Undergrad: 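Please see the structure below; I have some questions.
Note that this is a predicted model, so its numbers are computed, not measured.
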Amino acid sequence: MNQPLAGFAPAPVTARMENHGNHMLKVAMQTGHDLFARVGSMVAYEGFIQYEPSPSAVRQIARDWVTGEGAPLMKCSGDGLLYLADYGANVVVINLNGEGISVNATNLLAFDAHLTWGVERVKGLAKFAGQGLWNTKISGQGWVALTSRGKPIVVDCGGGEDETYVDPDALVAWSPNLKVKGKRSFRAQSLIGRGSGEAFQMAFSGQGIVVVQPSEDSTDRLRVRG
């Protein structure tokens, strides 16, 4: 019985975070190196790992976020191997080396607890979407895991004058130093998005990347908020 399943056994640990297949995250947990992870994302673990839902640091951030929305997080600590997943979504692992990334909260799976993070309004979009769009910005030296509904594409904006346009419902993450603005286009409504009425896109320019998933989020990220 074990022989046909041998190819699915966990591989030896080589990094703090790594993929086990396309749809699962493996985290090497150590005492003193805590992790924030999406509530309900734990599918298995080995060793001694404890969980604290809605820790004080997360509650403070939630109070600062005027929309009252965000990724429900739990604090994970201990020693062992932790396996996380989110309903079969693809997992993307990023090792930050002093950089930052702005993440759609619905695509945030886990990140090192020592990283600097917070919720911020995306500038330049309020006039298009009520009170605007809010994202989670994470920066520092450490690991972040994102999810994508399907295999994502990473677009390099290249630093030129040309803009990269993205359907906000397909947006996963982007470099926070990019310039962002909103654009409405009646002519593009049959090409971008699946809703009726005018098409709305987010335009990115500058030096950095944009991560886009091949499936639109089922929630309306640009509704009136406040």
Side-chain angles (χ1 to χ4, degrees), residues 22-23 25 38-41 62 65-73 84-94 100-111 117-138 144-157 162-206 208-226:
N22 295 324
H23 309 290
L25 174 70
R38 175 177 290 275
V39 170
S41 62
W65 195 2
V66 297
T67 65
E69 303 171 8
L73 297 175
L84 305 175
D86 184 22
Y87 294 99
N90 285 57
V91 175
V92 181
V93 178
I94 300 173
I101 189 165
S102 186
V103 184
N104 174 11
T106 61
N107 297 97
L108 183 58
L109 181 61
F111 59 96
W117 69 287
V119 178
E120 61 179 23
R121 187 197 303 268
V122 181
K123 297 178 181 178
L125 295 181
K127 67 178 180 179
F128 288 91
Q131 298 302 313
L133 178 70
W134 298 78
N135 258 30
T136 303
K137 182 180 178 182
I138 305 173
V144 180
L146 314 178
T147 60
S148 171
R149 304 299 171 184
K151 186 176 181 179
I153 182 174
V154 179
V155 180
D156 187 349
C157 294
D162 292 339
E163 295 178 325
T164 298
Y165 298 94
V166 178
D167 179 347
D169 293 329
L171 181 63
V172 174
W174 70 86
S175 301
N177 55 296
L178 289 173
K179 295 180 181 178
V180 186
K181 68 180 183 180
K183 178 183 178 182
R184 286 190 174 117
S185 173
F186 288 93
R187 293 183 179 180
Q189 64 183 3
S190 61
L191 300 176
I192 299 178
R194 294 185 176 271
S196 60
E198 63 186 0
F200 178 89
Q201 303 109 52
M202 293 174 64
F204 296 88
S205 60
I209 63 170
V210 180
V211 182
V212 183
Q213 63 187 6
S215 176
E216 293 173 308
D217 193 334
S218 60
T219 60
D220 182 2
R221 299 185 60 214
L222 294 177
R223 63 188 180 279
V224 175
R225 302 180 179 187

Undergrad: Among I101, T136, V103, which residue meets the side-chain contact (heavy atoms from CB on, under 4.5 Å) test with W117?
TA: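 For W117, the side-chain contact (heavy atoms from CB on, under 4.5 Å) test succeeds with only one of I101, T136, V103, which is T136.
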Undergrad: Starting at CG of D86, measure out to OG1 of T147 and round the result to the nearest 0.5 Å.
TA: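 If I round to the nearest 0.5 Å, the distance is 5.0 Å.
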Undergrad: Pick out which of I153, D167, T164 makes a side-chain contact (heavy atoms from CB on, under 4.5 Å) with V212.
TA: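 Single pass found, and it is I153.
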Undergrad: How many angstroms lie between CZ in F204 and NZ in K179, if you round to the nearest 0.5 Å?
TA: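 So the CZ of F204 and the NZ of K179 are separated by 14.0 Å.
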Undergrad: Enter the distance from L146:CG to I138:CD1 here, rounded to the nearest 0.5 Å.
TA: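 Between L146 CG and I138 CD1, I get 7.5 Å after rounding to 0.5 Å.
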Undergrad: Just to verify, what does A85 make a side-chain contact (heavy atoms from CB on, under 4.5 Å) with, not counting sequence neighbours?
TA: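 Result, side-chain contact (heavy atoms from CB on, under 4.5 Å) vs A85: V43.
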Undergrad: Not counting sequence neighbours, which residues clear side-chain contact (heavy atoms from CB on, under 4.5 Å) with S175? List them please.
TA: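 side-chain contact (heavy atoms from CB on, under 4.5 Å) check on S175 returns N177, L178, I209.
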Undergrad: CG of N90 to CG of L25: how many Å apart, nearest 0.5 Å?
TA: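 The CG atom of N90 sits 12.5 Å away from the CG atom of L25.
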Undergrad: Can you find a pair of side-chain heavy atoms, one from P72 and one from R38, that are under 4.5 Å apart?
TA: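 They are in side-chain contact.
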Undergrad: Check whether any side-chain N or O of Q213 sits under 3.5 Å from a backbone N or O of V172 as a donor-acceptor pair, and report yes or no.
TA: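 No, Q213 side chain to V172 backbone: no donor-acceptor pair under 3.5 Å.
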Undergrad: Does the pair V211 and N107 meet the rule for a side-chain contact (heavy atoms from CB on, under 4.5 Å), with working shown?
TA: CA-CA 11 Å; V211 182; N107 297 97; over 6 Å; no
Undergrad: Can you name the nearest heavy-atom pair linking P214 to K151, along with the distance?
TA: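 Nearest heavy atoms, P214 then K151: CD-O, 3.4 Å.
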Undergrad: Taking atom OG of S148 and atom CG of N22, what is their separation to the nearest 0.5 Å?
TA: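 Spacing of OG (S148) from CG (N22) equals 10.5 Å.
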Undergrad: If you define the side chain from C-beta out and look only at heavy atoms, does anything of V144 sit under 4.5 Å from L108?
TA: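 Heavy-atom side-chain distance check passes, below 4.5 Å.
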Undergrad: I'd like to check the side chain to side chain donor-acceptor pair (under 3.5 Å) partners of S102; sequence neighbours left out, ordered by chain and number.
TA: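 Applying side chain to side chain donor-acceptor pair (under 3.5 Å) to S102 gives N135.
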